[in-house]
S.K.: 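Have a look at this one.
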Amino acid sequence: MYIRKHILNIPFRCYSSESRINSFIKSKLMSAEDVAQKFPEQITIGASGFTPAGYPKVIPSAFAQRIKNSKNPENFSINLYTGASTGDELDGVLARTGRMKLRIPYQSHPDLRKLINEGKLNFIDMHLSHVGRYIREGIFPPIDVAIIEACDVTPDGRIYLTNSSGMSGTYLSLAKDIYIELNQAHPLEMKGLHDIYLPELHTGRPINIDYVDDRIGTPYVRVNPERIKGIVLTDKFDSSKGFKQPDDASFKIANNILDFILHEVEYGRIPKKLLPFQSGVGNVANAVLACIARDKRFNSIEMYTEVIQDSIFDLLDSDKLRFASTTALTFSAQGQIRFFKEINELKSKFILRPMEISNNPEVIRRMGLITMNTALEADIYGNVNSTHVLGSSMMNGIGGSGDFTRNAYISIFMAPSIAKGGKISAFVPMVSHVDHNEHSVQVMVSEQGLADLRAKTPKQRAKLIIDKCVHPMYKDQLNDYFQHAQRVSFAQHTPHDLKQALSWHVRLQETGSMHPDHQQSQQPTSKDTEKAAKKMDETVPNKK
């Protein structure tokens, strides 16, 4: 069970005035190899890190090397809990040991994905808002060791985090032993960016956040310093490669969304000062922010989201970002350098919260967010698949998209209408896996147009999606399916022909294309869904 006494509250402005390497840190200094030798062979690790920012970078590699050098590597077993996806120095190196047995709650590493889809690694895909409670209540195996990246540690046990908050506070409160990677690449000015607060269980008490810049916690996590068993010095940036520049389709999607938002403002459904935005990660999300930055119709925006990317600098340069609440700062190397250079000015614009707060349904509903997330595929009735290729092969995970979608003021899903040069349609008769059902999805948008699904019957939604969102090369086929389904379906509320509903996915497996006119290639796509997933990796936008 979660024990709150491990997290101690002390006055908000009580920063350390000592140099970074104080006497307490010196007394705890160890090498990563020495730390790795202390780990039990059967271990559950709670690690910092979120999509992928602020994760440990040297201790996991040392532990992986210990396993590799062992005479009996089969004796090792690793459960890994993080906030979300992390870099190769954590997810990759531990996956390649072959000894990872359980991974939660989200991942995006190709080595992990391969193990998951081969059935060699147990992966539990979860709404991120549920993770903290499941761990605190003992539904998952208890945490043996917390490995947390920090920019400072004080003798009285204050731990100042780096580029992410994620689940670090919870893992620090529950772990038997704590090991810190003190990352000196992060300036001490990072102190003060975080607002650490963990909700109590079973109380039903509200989390007192009404505005994106409200602070309710402390800028550090406080633990009993005796529980800190070792500190390792590092100086490495996160290995985020950043994201590709948005393409033409992404900008068209973004402009469709902005036109819709302004239409809602005109009709009084959104206030003129707007509502806070939540945006997933990837090219389309970046395009939305870039378009806001250069659109004179938008003057000032707020964000209450999980991940901030380099595209935030467009808003800063145009002086249109009033404030951003996030769980992680996922910058490219260039973006990270700029952030550090301007950190004293930018601290008035940002706050980093624990995942338990950023993804909390109560707070999301109260804030009245406009949420924008990416669909892998959607069907004609508005159901969205965010996670599975061909219904079986895991891509990354649902992440926080469900937390935000179900509790949004307006929920938007976006996707380019086609992929692989037209071999794949993002809009299909029936999704092969459902992550967000039609009850939660309010707006669907592609570069072709936008479908407002609110107050529409299933058949009205189908007509709108086909008319507004589907690529011309697939529009006739989807119209034909919809008309056929109405003729043969045993009921007319949500017409389907179950024999044909997944035929597009079957065709993709067998010929490499969903389009019926596509000729089978000389090297057809294997029916194995993992291979199909690999073929789609380059076309599916990254998600949170």
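Side chains included, hydrogens not; waters and symmetry mates left out as well; all remaining heavy atoms used.
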S.K.: For atom NZ of Lys349, is the number of surrounding heavy atoms from other residues, nucleotides or ligands below 6.0 Å larger than 12?
M.R.: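 Atom NZ in Lys349 is crowded, with more than 12 foreign heavy atoms closer than 6.0 Å.
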S.K.: Output the distance between atom OG (Ser440) and atom CG (Leu453), rounded to the nearest 0.5 Å.
M.R.: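 These two atoms lie 12.0 Å from each other.
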S.K.: Counting only heavy atoms not in Arg297, do more than 12 fall under 6.0 Å of its CZ?
M.R.: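 Counting neighbours around CZ of Arg297, more than 12 heavy atoms of other residues, nucleotides or ligands fall under 6.0 Å, so yes.
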S.K.: So does Ser279 get a backbone contact from the side chain of Thr305, meaning a donor-acceptor N/O pair under 3.5 Å?
M.R.: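 Such a contact is found between Thr305 side chain and Ser279 backbone.
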S.K.: In plain terms, say whether Glu200 and Arg205 are close enough for a salt bridge, that is, a side-chain N and a carboxylate O under 4.0 Å apart.
M.R.: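 Yes.
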S.K.: Does Arg103 pair with Asp91 as a salt bridge, N-O distance under 4.0 Å?
M.R.: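 Here Arg103 pairs with Asp91 in a salt bridge, since their nearest N and O are under 4.0 Å apart.
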S.K.: How far does NE2 of His194 sit from OG of Ser168, to the nearest 0.5 angstrom?
M.R.: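 Separation between the atoms: 8.0 Å.
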S.K.: Could you label the plane-to-plane angle of the His186 and Phe340 rings as parallel, tilted or perpendicular, counting under 30° as parallel and over 60° as perpendicular?
M.R.: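 Perpendicular.
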S.K.: Name all residues meeting the side chain to side chain donor-acceptor pair (under 3.5 Å) criterion together with Asp235; count only those two or more places apart in sequence or in a different chain, and write none if there are none.
M.R.: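 Testing Asp235 for side chain to side chain donor-acceptor pair (under 3.5 Å), a comparison that skips the adjacent residues, returns none.
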S.K.: Classify the angle between the aromatic ring planes of Phe331 and Phe339 as parallel (below 30°), tilted (30 to 60°) or perpendicular (above 60°).
M.R.: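 Tilted, since the angle between the ring planes falls between 30° and 60°.
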S.K.: Nearest 0.5 Å, what's the CZ-CD distance between Phe404 and Glu306?
M.R.: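 Reported to 0.5 Å precision, the distance equals 4.5 Å.
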S.K.: Is Arg294 close enough and on-axis enough to Phe251, meaning under 6.0 Å and within 45°, for cation-pi?
M.R.: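 Relative to the ring axis of Phe251, which defines the angle, Arg294 lies inside both limits.
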S.K.: Between Tyr55 and Ser239, do the side chains contain an N or O donor and an N or O acceptor separated by less than 3.5 Å?
M.R.: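 Yes - a donor-acceptor pair under 3.5 Å links their side chains.
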S.K.: Check this for me: Asn344, atom CG, are more than 12 non-hydrogen atoms of other residues, nucleotides or ligands nearer than 6.0 Å?
M.R.: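 More than 12 heavy atoms, drawn from other residues, nucleotides or ligands, come within 6.0 Å of this atom.
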S.K.: Starting at CD1 of Ile351, measure out to OH of Tyr304 and round the result to the nearest 0.5 Å.
M.R.: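 The distance works out to 9.0 Å.
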S.K.: Please report the shortest heavy-atom distance between Lys191 and Lys347, naming the atom on each side.
M.R.: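 Looks like O-NZ, 2.8 Å.
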S.K.: Relative to each other, are the rings of His263 and Phe260 parallel, tilted or perpendicular (30° and 60° limits)?
M.R.: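 His263 and Phe260: parallel rings.
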S.K.: Are side-chain N/O atoms of Ser425 and His471 paired as donor and acceptor at under 3.5 Å?
M.R.: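 Judged by distance alone, the side chains do not pair up.
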S.K.: Between Asp152 and Arg20, is there a side-chain N and carboxylate O pair less than 4.0 Å apart?
M.R.: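 No, Asp152 and Arg20 are not salt-bridged.
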S.K.: At what distance, to the nearest 0.5 angstrom, does CD1 of Ile312 lie from CG of Leu315?
M.R.: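 Taking CD1 in Ile312 and CG in Leu315, the distance rounds to 5.0 Å.
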S.K.: Any chance you could measure Tyr474, atom OH, to Gln448, atom CD, to the nearest 0.5 Å?
M.R.: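 Rounded to the nearest 0.5 Å, the OH-CD separation comes to 13.0 Å.
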S.K.: Would one find more than 12 heavy atoms of other residues, nucleotides or ligands at under 6.0 Å from atom NZ of Lys459?
M.R.: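 Above 12, so yes.
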S.K.: Which residues satisfy the side chain to side chain donor-acceptor pair (under 3.5 Å) test with Gln336, sequence neighbours excluded?
M.R.: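 Result, side chain to side chain donor-acceptor pair (under 3.5 Å) vs Gln336: Asn163.
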S.K.: Please assess Ser432 against His388 for the test side chain to side chain donor-acceptor pair (under 3.5 Å), listing each intermediate value before the final yes or no.
M.R.: CA-CA 8 Å; Ser432 58; His388 285 71; over 6 Å; no
S.K.: Any luck finding a side-chain donor-acceptor pair between Thr162 and Asn183 under 3.5 Å?
M.R.: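 No - no donor-acceptor pair under 3.5 Å links their side chains.
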S.K.: Check whether any side-chain heavy atom of Asp435 sits under 4.5 Å from a side-chain heavy atom of Val384, and report yes or no.
M.R.: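 No, their side chains stay 4.5 Å or more apart.
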S.K.: Can you confirm whether Lys468 is buried at NZ, in the sense that more than 12 heavy atoms of other residues, nucleotides or ligands lie under 6.0 Å from that atom?
M.R.: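 No - once you tally the heavy atoms of other residues, nucleotides and ligands closer than 6.0 Å, there are 12 at most.
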S.K.: Could you tell me whether the side chains of Asn373 and Ser401 share a donor-acceptor contact shorter than 3.5 Å?
M.R.: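 No, no side-chain donor-acceptor contact under 3.5 Å.
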